[in-house]
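The structure appears right after this line, and notes come after that.
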Amino acid sequence: MAEPNFYDSVYEVARLIPKGRVTSYGAIAAYLGTKGSSRMVGYAMQAAGRVDPPVPAHRVVNRQGLLTAKFHFGGNLMQTLLENEGVKVADDQVQDFKTVFWDPSIELAL
DNA sequence: CATTTGACTTGAA
DNA sequence: GTTCAAGCCAAAT
């Protein structure tokens with residue numbers, strides 16, 4: 001079911017992120033085949049807050065596991081949500097990032 | 001229709 | 001190891 005819209009594709013993948021896991025923009029972009037459009041993934045996320053059902057954008061972080069999106073969430077909301085799901089966050093960074101990392105190109109490749 | 005921007009990534013100094 | 005710069009694609013203006 002390939003969505004004709006780049007945004008919708010990003011939303012779907014973002015919704016597929018399991019609880020307590022996080023992924024990176026580049027991972028989603030690579031999964032969509034547009035590795036170079038890593039920025040677009042985040043850009044789509046911005047609009048994600050306007051779509052329905054809502055997308056767990058708080059589970060999407062940058063390559064460094066840094067909560068880059070928290071600035072858009074409006075404070076510590078993002079970190080709170082992540083910790084609420086079992087993701088340890090400290091200094092705006094995901095702890096054990098590689099452990100909680102969820103790569104769609106691998107998890108969904110099956 | 002052309003230009004600018006953007007929740008990023010990777011490479012080089 | 002850290003900092004700077006360039007590159008990438010798509011949507012918004």
Side-chain angles (χ1 to χ4, degrees):
Chain A
M1 318 270 250
E3 299 295 333
N5 299 331
F6 190 86
Y7 276 41
D8 288 347
S9 300
V10 175
Y11 302 151
E12 276 198 61
V13 177
R15 286 198 223 99
L16 293 172
I17 301 172
K19 178 179 170 230
R21 298 289 174 183
V22 294
T23 191
S24 61
Y25 305 95
I28 297 174
Y31 176 70
L32 298 177
T34 53
K35 182 181 177 190
S37 63
S38 47
R39 314 168 92 169
M40 285 279 67
V41 177
Y43 196 68
M45 284 295 169
Q46 180 190 47
R50 304 178 171 191
V51 299
D52 183 79
V55 179
H58 60 272
R59 291 180 186 159
V60 184
V61 295
N62 68 351
R63 243 333 181 173
Q64 304 175 357
L66 188 68
L67 305 186
T68 47
K70 77 174 296 182
F71 294 97
H72 294 270
F73 269 79
N76 55 351
L77 177 61
M78 184 176 184
Q79 180 174 333
T80 302
L81 292 170
L82 288 172
E83 291 184 322
N84 187 27
E85 297 191 349
V87 179
K88 290 180 260 184
V89 180
D91 192 36
D92 300 342
Q93 288 183 145
V94 177
Q95 301 304 286
D96 302 307
F97 179 59
K98 64 175 186 157
T99 305
V100 298
F101 181 70
W102 181 83
D103 190 341
S105 61
I106 295 176
E107 302 297 321
L108 302 180
L110 305 179

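Just so you know, these numbers come straight off a predicted model, no measurement behind them.
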Original post:
Could you state the CD-C1' distance from Q64(A) to dT2(C), rounded to the nearest angstrom?
Top reply: 12 Å

**OP:** Choose from dA7(B), dC9(C), dA12(C) the nucleotide whose nearest atom is closest to any side-chain atom of T34(A).
**Re:** dC9(C)

Subject >> A57(A) to M45(A) - nearest heavy-atom pair and separation >> reply: CB-SD, 3.9 Å

**OP:** Check for a donor-acceptor pair, side chain of N62(A) on one end and backbone N or O of Q64(A) on the other, with a separation under 3.5 Å.
**Re:** yes

Original post:
Taking NZ, NE, NH1 and NH2 as the nitrogens, is one of them in R21(A) or E107(A) under 4.0 Å from a carboxylate oxygen of the other?
Top reply: no

Subject >> Atom pair distance, as rounded to whole Å: CG in L32(A) and P in dC8(B) >> reply: 16 Å

**OP:** Would you mind reading off the distance between Q79(A) atom CD and dA7(B) atom C1', rounded to a whole angstrom?
**Re:** 16 Å

**OP:** For Y7(A), answer base if it contacts any base atom (sugar-phosphate contacts may also be present), sugar-phosphate if it contacts only those atoms, and nothing otherwise; contact means non-hydrogen atoms under 4.0 Å.
**Re:** sugar-phosphate

Original post:
Start at the 5' end of DNA chain B and walk down; is the nucleotide closest to V61(A) or to Y43(A) reached first?
Top reply: Y43(A)

**OP:** Return the value, rounded to whole Å, for the distance between atom CG of L77(A) and atom P of dA7(B).
**Re:** 17 Å

**OP:** Answer yes or no: side-chain N or O of R63(A) and base N or O of dC8(B) forming a donor-acceptor pair under 3.5 Å.
**Re:** no

Subject >> Length of the line joining Q46(A):CD and dT13(C):P, which is rounded to integer Å >> reply: 10 Å

**OP:** When you get a sec, tell me which of dA11(C), dT9(B), dA7(B) is the closest nucleotide to the side chain of F6(A)?
**Re:** dA11(C)

Original post:
Which nucleotide in the list dT9(B), dA7(B), dG7(C) gets nearest to the side chain of N62(A)?
Top reply: dT9(B)

Original post:
Taking CD1 from I28(A) and C1' from dG6(B), how many angstroms apart are they, rounded to a whole number?
Top reply: 16 Å

**OP:** Give one of base, sugar-phosphate or nothing for Y25(A), where a contact means two heavy atoms less than 4.0 Å apart.
**Re:** base

Original post:
Touch check for A57(A), heavy atoms < 4.0 angstrom, all strands: base, sugar-phosphate only, or nothing?
Top reply: base

**OP:** Would you mind reading off the distance between M40(A) atom CE and dT4(B) atom C1', rounded to a whole angstrom?
**Re:** 12 Å

Original post:
Across all strands, who's sitting opposite dA2(B) as a Watson-Crick or G-U wobble pair, both distances under 3.5 Å?
Top reply: dT13(C)

Original post:
Tell me: NZ of K70(A) to P of dA7(B), nearest whole Å?
Top reply: 16 Å

Original post:
How far apart are the closest heavy atoms of V60(A) and S24(A), and which atoms are they?
Top reply: CG1-C, 4.5 Å

**OP:** Grab the two heavy atoms, one from F73(A) and one from H58(A), that are nearest each other, plus how far apart they are.
**Re:** CZ-N, 3.4 Å

Original post:
What nucleotide among dC8(B), dA7(B), dC9(C) has an atom nearest to a side-chain atom of R39(A)?
Top reply: dC8(B)

